[in-house]
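Numbers here are sequence positions counted from 1. For ligands, and for the atoms within them, numbers begin at 1 and follow the listed sequence. Model, not experiment: these values are computed from the prediction.
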Amino acid sequence: MNELQLWHHARLATLAGSDWGLIDDGVVVTEGDRIRWVGPAAERPAELRPALTHDLGGLLLTPGLVDCHTHLVYGGQRADEAELRLNGASYEQIARAGGGIRSTVAATRAADEAALFDAAAARARALIAQGVTTLEVKSGYGLAAEAEARCLRVARRLGAELPVTVLTSYLGAHALPPEFDGRTDDYIDAVCAWLPALQAQGVVDAVDAFCDTIGFTPAQTRRVFEAAQRLGLPVKLHAEQLSDQGGAALAASFGALSCDHLEHLSADGIAAMRAAGSVAVLLPGAFYMLRETRLPPIDALRAAGVPMAVSTDHNPGTSPALSLPLMAHMACSFFRLTPLEAVQGITAHAARALGLADRGRLAAGQRADFALWRLSHPNELCYWFGGNPCRGTVVGGRATAAAAATAATLS
Ligand code: DI6
Ligand code: FE
């Protein structure tokens, strides 16, 4: 029997329905890693007698945040490249000079597993410190059998050793490695051939691809998705970031969990995503870093009822972001999401983009994943920026060190 814990003296934003779900003097009763009961303190059922009580001192309690799109595992970094771009160099000039994704591929291949883990763990801790309790981590900088496996093993180890749940996505179809120059179809053959062994190692939860002018074609993407389908793996896609390749409609035809970026998404793509139940994952960090001007079709996605999620897209080239709340803020400022849509986008909708229905809301039966904030209303997550109002997280009913320290100072 898992012991009951009471988390009280908090303001709750349950996000359990279609609004904030605010409860001023709320309590959450947890049993093991699940929520047993949520509601006003005055209505707590008398029979729920907790073995442990946590006084949260009036903090705001929201569902733990879900970062549903990151490339967190890689070697090196690309600040010098960002400086070159800010001094006027083009992507093509940088790529010809050996920069871009290929420079990160070289640094990743040169790094051993321990070094990759240490670097990724530091980045994961930064996200956790700002409220993240579930994290998606892609491969995509190894682009060779063993290097991709190493990155996916590191991603699994992040979930094993840090207070966060990690889901992995195989992104072998991220870029063409130099040894396959001029032989893109041969590389896609290799990407598909590596997948069964990666799945057998238990390091793949989903399969992703980059379908765009500087990525892979719809036909090549389809072959990767067919390989995933043969193994019963769900798919997701970097789609319509720089052009309209029809990637979203292709991904939707495979029942994609999500289509991500979407600045060039068409009405047909929206209709296909709606029919398939795919989530639109918006990535304002890349939009900001690339100084994009074309917006994803937010009004059309909203009108079609396509759920919208928001993520950091953490990667060293286009979005070295370490704050998911800041991305929610940017989604409001740049993309005109409402604060409620943006916060839903980093909680329940982001969970859905990972195929998860057991988190992202405070409701009985959901995972006991919470974030604690020194805020009075969740819309402040899309108001303040530059600071960190998070006072810790609870993952599966276990307070992280920060949350425990917070509760200790408050009781
Ligand atoms: N889209 C992006 O913006 C990143 N990958 C992708 O598919 C860029 C990754 C990088 O520049 O390292
Ligand atoms: Fe990405």
Side-chain angles (χ1 to χ4, degrees), residues 67-82 84-85 89-95 97-109 119-120 123 127 135-143 147 151 155 167-178 191 206-217 220-221 224 235-243 245 247-248 251 256-265 279-292 294 296 309-321 324 327 330 350 353-354:
D67 195 351
C68 66
H69 180 133
T70 83
H71 307 251
L72 214 58
V73 179
Y74 56 86
Q77 48 100 330
R78 293 180 13 219
D80 291 347
E81 175 184 315
L84 285 172
R85 285 215 310 272
S90 72
Y91 248 113
E92 291 69 24
Q93 287 165 324
I94 289 165
I101 292 182
R102 282 191 172 181
S103 68
T104 300
V105 171
T108 303
R109 290 177 169 180
R123 297 187 277 260
L127 293 170
L135 191 56
E136 184 258 15
V137 180
K138 306 174 191 292
S139 66
Y141 289 110
L143 307 187
C151 292
L167 283 92
T168 65
S169 297
Y170 171 53
L171 180 60
H174 188 201
L176 186 69
V191 167
V207 176
D208 191 351
F210 180 30
C211 181
D212 220 310
T213 49
I214 59 171
F216 296 92
T217 65
Q220 291 161 346
T221 302
V224 175
V235 300
K236 49 182 55 253
L237 187 64
H238 285 68
E240 275 78 284
Q241 179 184 6
L242 307 172
S243 64
Q245 300 289 317
L257 294 174
S258 72
C259 300
D260 304 31
H261 282 290
L262 303 179
E263 281 83 350
H264 291 259
L265 180 64
V279 175
V281 177
L282 306 172
L283 304 172
F287 178 92
Y288 165 77
M289 195 77 174
L290 296 175
R291 301 190 301 285
E292 288 288 356
R294 183 184 175 105
V310 179
S311 174
T312 60
D313 188 17
H314 181 94
N315 74 77
T318 64
S319 190
L324 184 55
M327 300 299 110
M330 285 186 175
L354 299 178

Undergrad: Without swapping roles, check the side chain of Gln245 against the backbone of Cys211 for a donor-acceptor pair under 3.5 Å.
TA: no
Undergrad: List every atom of ligand 1 that sits less than 4.0 Å from any heavy atom of Tyr141, numbering the atoms from 1 in the order shown and giving each element.
TA: 9 (C), 10 (C), 12 (O)
Undergrad: Looking at CG of Leu262 and CD of Gln241, how far apart are the two atoms once the value is rounded to the nearest 0.5 Å?
TA: 10.0 Å
Undergrad: Any N or O of Thr104 that comes nearer than 3.5 Å to an N or O of ligand 1?
TA: no
Undergrad: To check your reading of the model: name the closest protein heavy atom to atom 1 (N) of ligand 1, its residue, and the distance in Å.
TA: Gln241 OE1, 3.0 Å
Undergrad: Which distance, rounded to the nearest 0.5 Å, do you find between the CZ of Arg102 and the OG1 of Thr108?
TA: 14.0 Å
Undergrad: When you measure from atom 7 (O) of ligand 1 to each heavy atom in Lys138, His238, Arg102, which option holds the nearest one?
TA: His238
Undergrad: Less than 4.0 angstrom from a charged side-chain N to a carboxylate O is my criterion; do Asp208 and Lys236 meet it?
TA: no
Undergrad: Report the relative orientation of the aromatic rings in His314 and Tyr74; use parallel for angles under 30°, tilted for 30 to 60°, perpendicular for over 60°.
TA: parallel
Undergrad: Just verifying a value: how many Å separate Met289 CE and Arg291 CZ, rounded to the nearest 0.5 Å?
TA: 9.0 Å
Undergrad: Can you find a heavy atom in the side chain of Met327 that is under 4.5 Å from one in the side chain of Asp67?
TA: no
Undergrad: Test side-chain contact (heavy atoms from CB on, under 4.5 Å) on Leu283 and Ser319 and set out the steps.
TA: CA-CA 9 Å; Leu283 304 172; Ser319 190; over 6 Å; no
Undergrad: In terms of atom number and element, which parts of ligand 1 are under 4.0 angstrom from non-hydrogen atoms of Phe210?
TA: 7 (O)
Undergrad: So, is His71 polar-close to ligand 1, with some N/O to N/O distance under 3.5 Å?
TA: no
Undergrad: How close does the nearest protein non-hydrogen atom get to atom 3 (O) of ligand 1, and which residue and atom is it?
TA: Thr318 OG1, 2.8 Å
Undergrad: Work out which heavy atom in Asp260 is nearest to a heavy atom in Ser258; give both atom names and the distance.
TA: OD1-OG, 2.7 Å
Undergrad: Are His69 and Asp313 linked by a side-chain donor-acceptor pair shorter than 3.5 Å?
TA: yes
Undergrad: Which atom pair, heavy atoms only, marks the closest approach of Leu265 to Ala248?
TA: CD1-CB, 3.5 Å
Undergrad: Are Tyr74 and ligand 1 in contact, using a heavy-atom cut-off of under 4.0 Å?
TA: no
Undergrad: Which residue and atom name correspond to the protein heavy atom nearest atom 11 (O) of ligand 1, and how close is it?
TA: Arg78 NH2, 2.8 Å
Undergrad: Quick one: look up the protein heavy atom nearest atom 5 (N) of ligand 1 and list residue, atom name and how far away it is.
TA: His174 NE2, 2.9 Å
Undergrad: What protein atoms of element N, O or S are positioned under 2.8 Å from the Fe ion (ligand 2)?
TA: His69 NE2, His71 NE2, His238 NE2, Asp313 OD1
